[in-house]
K.L.:
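Can you read through this structure? Questions will come right after.
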Amino acid sequence: MKKYYAGAAFLALAIFSASGCTRSGGETQTESRYEELADEGEGYINVGFCQVGSESDWRVASTQSFRETFTTENGYYLLYEDAQNKQENQLKAVRSFILQEVDYIILDPVVETGWDGVLQEAKDAGIPVIVTDRKVVVEDESLYTCWVGSDFEQEGRKAGEWLEDYLADRGRGGEKLRLVTLQGTLGSSAQIGRTEGFSQILEQNDSWEMLEYQSGDFTQTKAQEVMEYYLDTYEDIDVAVCENDNMAFGAIDAIQEAGKTCGPDGEIIVISFDAVRAAFEAMLRGEINVAMECNPDQGPLVSDIIRRLEAGEEVEKIQYVKETYFDTSMDLESIMEGRTY
Ligand code: AHR
């Protein structure tokens with residue numbers, strides 16, 4: 001809002017001297033771009049948002065939530081960076097936001113570790129950092145203002161408890177069960193929490209055997225490959241724990257291509273996380289058994305935090321979003337009507 005010009009000009013010059021940008025009408029193209037941004041950002045709260053990527057339906061919904069919230073109509077000027085699932089891109093983006101002297105940085109970190117240096121730079125520059133969705137693990141907690149997101153460990157535990165109840169309801173409690181897990185991006189909070197939470201319930205069930213964990217990187221394509229490998233390697237699989245919906249879609253494709261069935265009436269129980277619209281459709285088709293909700297609509301919550309900080313109020317360091325789960329025993333069509341993602 002107030003500091004934008006000097007940083008933008010500095011960045012423009014830095015980029016110009018490093019890359020030798022071409023001139024047009026006596027001015028560098030880079031300089032004109034940042035001056036344009038500086039003009040556009042004048043009078044607004046300037047926010048730099050560094051998103052993980054666009055690997056899943058959940059991520060698309062998350063981006064939409066931030067884009068729809070951080071609008072000029074709402075008093076914001078948004079600088080958006082898609083890191084394409086790479087931490088190195090996120091480090092560059094945060095440094096670029098610091099050089100541009102934005103008022104706030106919003107960071108959805110790909111992985112939890114490796115943030116101490118860049119967050120110290122943001123703190124030294126006096127820019128509050130709000131972490132959203134996935135967490136950062138840093139030695140000095142004062143390097144970020146607060147975090148808002150999902151309780152991933154709780155999601156994992158709830159998935160395990162759901163499976164216990166599901167089996168008990170069908171008289172299958174204590175039955176020998178072979179499971180596989182398709183993990184999310186290794187080192188991300190969503191992967192760490194869901195794996196940990198589910199394994200807490202796994203440990204309490206002696207008859208459950210986890211055959212293998214492999215990462216499908218939260219994408220449908222990689223998950224399909226992982227599930228194909230599981231089906232080739234293990235003769236009997238009773239449960240596929242997919243750490244997001246898109247990986248469940250990939251697993252379902254592999255299961256069906258292998259001539260097997262899944263879902264409530266099939267051979268393999270499919271447990272998923274996120275509960276996006278396409279997962280509801282897959283539950284209605286009888287392909288997914290349950291989707292543990294992960295709420296991507298975090299833009300308004302982050303905006304509320306910024307408004308409170310602007311008013312000089314204290315904000316809570318850790319803020320969880322409310323979440324539930326959905327399975328095929330529910331009236332999914334009616335539930336879907338009231339949902340935005
Ligand atoms: O961090 C949230 C996870 O990241 C979502 O479960 C997944 O779909 C996304 O890619």
Side-chain angles (χ1 to χ4, degrees), residues 49-66 81-87 89-90 106-113 115 130-137 147-159 181-198 213-224 226 240-252 270-283 288 290-299 301-302 318-326 339-341:
F49 174 41
C50 187
Q51 176 62 288
V52 167
S54 49
E55 72 284 0
S56 62
D57 287 22
W58 187 98
R59 188 63 56 197
V60 172
S62 158
T63 300
Q64 189 177 340
S65 171
F66 280 89
E81 288 291 341
D82 175 335
Q84 295 172 16
N85 234 18
K86 292 196 178 97
Q87 184 180 34
N89 291 345
Q90 294 202 303
I106 305 169
L107 172 65
D108 189 335
V110 175
V111 290
E112 290 189 344
T113 54
W115 297 103
I130 298 163
V131 182
T132 183
D133 170 33
R134 301 180 185 175
K135 288 182 172 162
V136 292
V137 175
W147 169 86
V148 57
S150 306
D151 189 338
F152 297 116
E153 193 174 314
Q154 166 99 318
E155 290 176 7
R157 246 190 327 266
K158 290 246 176 260
T181 296
L182 293 97
Q183 294 176 294
T185 302
L186 297 179
S188 69
S189 304
Q191 176 274 310
I192 294 169
R194 288 168 185 166
T195 301
E196 170 57 29
F198 192 86
Y213 294 92
Q214 268 204 32
S215 174
D217 223 4
F218 286 127
T219 68
Q220 181 163 346
T221 316
K222 282 197 194 159
Q224 184 169 347
V226 173
V241 181
C242 308
E243 288 184 353
N244 84 344
D245 287 338
N246 289 77
M247 292 199 296
F249 307 149
I252 292 164
V270 176
I271 296 176
S272 187
F273 293 83
D274 285 355
V276 296
R277 179 160 291 272
F280 274 76
E281 288 161 0
M283 284 191 279
I288 289 179
V290 64
M292 314 308 297
E293 187 183 36
C294 181
N295 187 346
D297 193 16
Q298 295 171 14
L301 302 172
V302 175
I318 302 290
Q319 300 185 32
Y320 289 107
V321 294
K322 280 202 188 130
E323 292 168 341
T324 181
Y325 74 86
F326 305 98
R339 289 172 69 79
T340 53
Y341 54 90

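One-based numbering, in listed order, for ligands and for the atoms of each. Note that the structure is predicted; figures quoted are calculated from it, not measured.
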K.L.:
Is the shortest side-chain heavy-atom distance between R339 and F326 below 4.5 Å?
P.N.:
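Yes; the side chains approach each other to less than 4.5 Å.
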K.L.:
Do any heavy atoms of R194 fall under 4.0 Å from ligand 1?
P.N.:
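Flag set, R194 near ligand 1.
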K.L.:
Out of N244, D245, V276, indicate the one that has the non-hydrogen atom closest to atom 7 (C) of ligand 1.
P.N.:
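Going through N244, D245, V276 one by one, N244 has the nearest heavy atom to atom 7 (C) of ligand 1.
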K.L.:
I need the minimum non-hydrogen distance between Y341 and A61, along with the two atoms involved.
P.N.:
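Scanning both residues, the minimum pair turns out to be CB-CB, 3.8 Å.
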K.L.:
Is the shortest N/O to N/O distance between R59 and ligand 1 below 3.5 Å?
P.N.:
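R59 vs ligand 1: N/O contact under 3.5 Å present.
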K.L.:
What protein heavy atom sits nearest atom 3 (C) of ligand 1, and how far off is it?
P.N.:
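Protein heavy atom with the smallest distance to atom 3 (C) of ligand 1: R134 NH2, 3.8 Å.
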K.L.:
Within a distance under 4.0 Å of any heavy atom of E55, pick out the atoms of ligand 1 and give their elements.
P.N.:
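Ligand 1 atoms under the 4.0 Å threshold to E55: 4 (O), 9 (C), 10 (O).
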K.L.:
Among all protein non-hydrogen atoms, which one is nearest to atom 5 (C) of ligand 1, and what is the separation to 0.1 Å?
P.N.:
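For atom 5 (C) of ligand 1, the nearest protein heavy atom comes out as D274 OD1, 3.4 Å.
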K.L.:
Going by the order shown, which atoms of ligand 1 are within less than 4.0 Å of some heavy atom of S56?
P.N.:
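So the atoms of ligand 1 that pass are 7 (C), 8 (O), 9 (C), 10 (O).
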K.L.:
Tell me whether E153 is salt-bridged to R157, with the criterion being a basic N under 4.0 Å from an acidic carboxylate O.
P.N.:
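Between R157 and E153 there is a salt bridge, with a charged N closer than 4.0 Å to a carboxylate O.
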K.L.:
Check this for me: does any side-chain nitrogen of one of R194 and D274 sit under 4.0 Å from a carboxylate oxygen of the other?
P.N.:
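Yes, this pair counts.
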K.L.:
Is the shortest distance from a Lys or Arg side-chain nitrogen in D133 or R59 to a carboxylate oxygen in the other one below 4.0 Å?
P.N.:
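The answer is yes: the pair qualifies as a salt bridge.
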K.L.:
For Q183, which of M247, Q191, Q214 qualifies under side-chain contact (heavy atoms from CB on, under 4.5 Å)?
P.N.:
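Among M247, Q191, Q214, the one meeting side-chain contact (heavy atoms from CB on, under 4.5 Å) with Q183 is Q191.
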K.L.:
Taking N or O atoms only and a 3.5 Å limit, does D133 qualify as a polar contact for ligand 1?
P.N.:
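Yes, there is a polar N/O contact under 3.5 Å.
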